Amino acid sequence: MTRALRPDAGSRSALAALAIIEEVAATGPGVTALEITYRLRMSRSAAYRLLGVLVESEYLVRTPDLGGFALGRRIDRLVGIPSTPADRVREAVDAVRAEARFGIHLVLHRPLAPATQPVLELFDIDPDFPLSDPDRIVAEPDCSAIGRIVSADARGERPAFASQRGLLVPGHGCLAVPIRGPDCRLIAVLAASAPAHKVADSDTLVAFLAPHAQALAVACASRSASTDRD
Amino acid sequence: MLVSDQPLPLRGLGPRTRLGGLDKGALGAADVAAQSVSAMAPCGAATAIPVLVAAQGGPVVASMATAFAITLVVSWLVRGFARRVPAAGSLYTCAAIGVGPMPGFLTAGALLLGYLGTGMFAVTESSSFALRLVSTAGMTAHGWLVAVGALGFAAASGLVLVRGIRLSARVSLVTEAVAVLLVVAVSVWLLCHGDGHFLQDSTLLPVPDVDQLAGGIAVAMTAFVGFESATVLSVETRAPLRTVPAAVGGSLLVGGSVVLLATLAQAESLGGATSTSWFQALAASPGGRMLVPAVYLAATLSFFACALASTTAAARVLLSLAREGVLPEVLGHTDLRSKAPTVGIAVCTATVFGVPFAVSAFGADPTAVCGSLVTAAVCGYLLAYAALAGSMPLMLRHLGEPSRVVWVVGPACALALTAVVAGFWGLTVAGPSWSGSAVSAAWMLLWAAVGYWVRRRRPEAFASIGAHSGTVRSSVWRGYLRSAP
């Protein structure tokens, strides 16, 4: 290539960054910086610098063990992976979990479900703090805060929250807040399962959950609209 | 879409990290830089350290400049860590990732010694300068005023810290900015009104003796320690991998420049046969006398911000250790409203304000107490820096980014720092601040004993030391999370 046709330094860096993204995508999560330098025949310093910039700008992430790299969330837009309504609901629940050191669960309410199916769907259960007895929560509404919200709704009541302490696990409890759609219909329940002393301080817990419940109401409403269309 | 369906390198990817619950992304670049600058307390260092170096017999300007150069190398290594791993555990997380849990735990002990020691020193100095300020205003500094002042500082500090990191960072930023501007103004005034020849002589003073220079450097390092403390706020910073390294480097340059400027301003009075502080130099002229209250005010504010920053940093280190399961779980508690580690802050505030108060109540000499506290703190900082420098090449290897330059610079820097800390310890243990050296050695031995005990009682928790707020489910490409077809 003649000098006039060779890309300038900035363009070369941009191309090298794209090549790194391509290499991480092709190799799969966990590829190390050193492997990338060997495969792309780049200098270590240039590769490390570009990897740092790509991680800072969220095109790449380090794997949880810090040993390698994987594609970051910004790649979604690059390759056009659409965000589904269910994704948005899960991400809204994860946003609550990122701030909480206790279990955060989202349960969907399906009042019009066929009689053979339960009214409650355990949509997103916290993987770090799993439910102690999920079957019982679905089968016996009154033993859990989630079920109490649903029972109250069935009676035409509109409680701001419901809670229980020590019914399922001694020393632990649960506080649930309703999530309502635009027509005020109960569409889901956001629940926090935590040590009993945290659940006892309901004002603080409700104040913490309330803004997240509003964000979830929007996400759940769009999900139920898309489900209805399907 | 289950975590267990994910490819092996992404196993362990969850919705939250072990450092969840803090106010994620709340701080900007200025707030984080304020944390580092406040922990350095450049105004306090500018007023106190050059005098100590001169008292040591070392060449003031050469010692301070060499110490600054060493610190710049350490800051380069710290930035290398902060650019890659966001962690509230700061340097100890680096040591744990690179070398292993026990070196990491020991580094945590050294860091806590540094932060808590500096905090206690800052509280004592802040009260002391506040009293001097009160005296210059014509009021008598009664004994009860000292107690009221210290309690007032404790209450104000606790209130600010518990209200959340945004408020405490802003308070530190404003306080430190005012203090730095005051010290710069005073330094410039002194340089303009001084004898140029004398300044030149003291700057170019031939180095008398290598031992004296080494002792001077060891003492001078105390003026720059604390610059790395922005790293403890990595979890709470927006774009931490970009912001925190910039804050660490920038704060050292700003704080270091202020200290060096003040050193030059004092070099005239410290370079000759007499070694007097700049208060005496200022008091010698009618114009300068007007500036003495300004210096007192600057030092009071600077040390108060330093106490805030040190408490903030120590509380984060405790939180990180608690979340790893090594210290009691309660120390990892974060308030749901303010998202501040309230229990850790309460413990650190009680220590930082309570210990100097108790020591004063027993009638100890404040000057000796300050000397001992700063000695213990500096031993802690230097040990932590040496551990960082030594573990950096191994941490980079663990991250799959080995670097030949770091393999040379890291161990060399660790050796130099170990020599400095050994020299400093030897120097102080034979001096009036021997209790500080003794306490630092006792603390590290006790901490090591705790480490061995925890390793035996909770081996899994101990092995998991090195918590960082890295990748979570919401930060990876959605394609990894889709179920396999």
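If you're wondering where the values come from, they're calculated on a predicted model, not measured in any experiment. Every chain is numbered from 1, with letters handed out A, B, ... down the list of sequences.
Interface remark: of the candidates A:Ala33, A:Gly72, A:Gly67, A:Gly72 forms the most heavy-atom pairs closer than 4.5 Å to chain B. Considering only heavy-atom pairs separated by less than 4.5 Å from chain B, the leading option among A:Asp76, A:Val61, A:Val96, A:Val53 is A:Asp76. Residue with the most contacts toward chain B among A:Thr204, A:Thr32, A:Ile75: A:Thr204 (heavy-atom pairs, distance under 4.5 Å). When A:Arg97, A:Lys198, A:Glu58, A:Glu35 are compared by the number of non-hydrogen pairs under 4.5 Å with chain B, A:Arg97 comes out ahead. Contact tally against chain B (heavy-atom pairs below 4.5 Å) for A:Ala70, A:Ala95, A:Ser45: the top residue is A:Ala70. Of the listed residues (A:Arg73, A:Glu56, A:Arg74), the greatest number of heavy-atom pairs within a distance under 4.5 Å of chain B belongs to A:Arg73.
For chain A, the nearby part of B:Thr17 is the backbone; its heavy atoms alone come within less than 4.5 Å. Proximity to chain B involves both the backbone and the side chain of A:Ala98, based on heavy atoms less than 4.5 angstrom apart. Heavy-atom distances place no part of A:Asp201 under 4.5 Å from chain B, backbone and side chain included.
Between B:Glu401 and B:Arg83 there is no salt bridge, since none of the side-chain N atoms of the basic residue sits less than 4.0 Å from a carboxylate O of the acidic one.
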How far apart are the C-alpha atoms of B:Leu394 and B:Trp407, what are their side-chain angles, what is the distance that settles it, and do they pass the side chain to side chain contact (heavy atoms under 4.5 Å, CB included) test?
-> CA-CA 9 Å; B:Leu394 293 164; B:Trp407 267 113; 4.0 Å; yes
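Ring planes of B:Phe105 and B:Phe462: tilted class, angle from 30 to 60°.
In summary, the side chains of A:Ser163 and A:Arg148 do not present any donor paired with an acceptor at a separation below 3.5 Å, with no hydrogens or angles considered. One side chain, A:Arg39 or A:Thr27, offers a donor N or O that lies under 3.5 Å from an acceptor on the other. A donor atom on one side chain and an acceptor atom on the other are found under 3.5 Å apart for A:His105 and A:Ser193.
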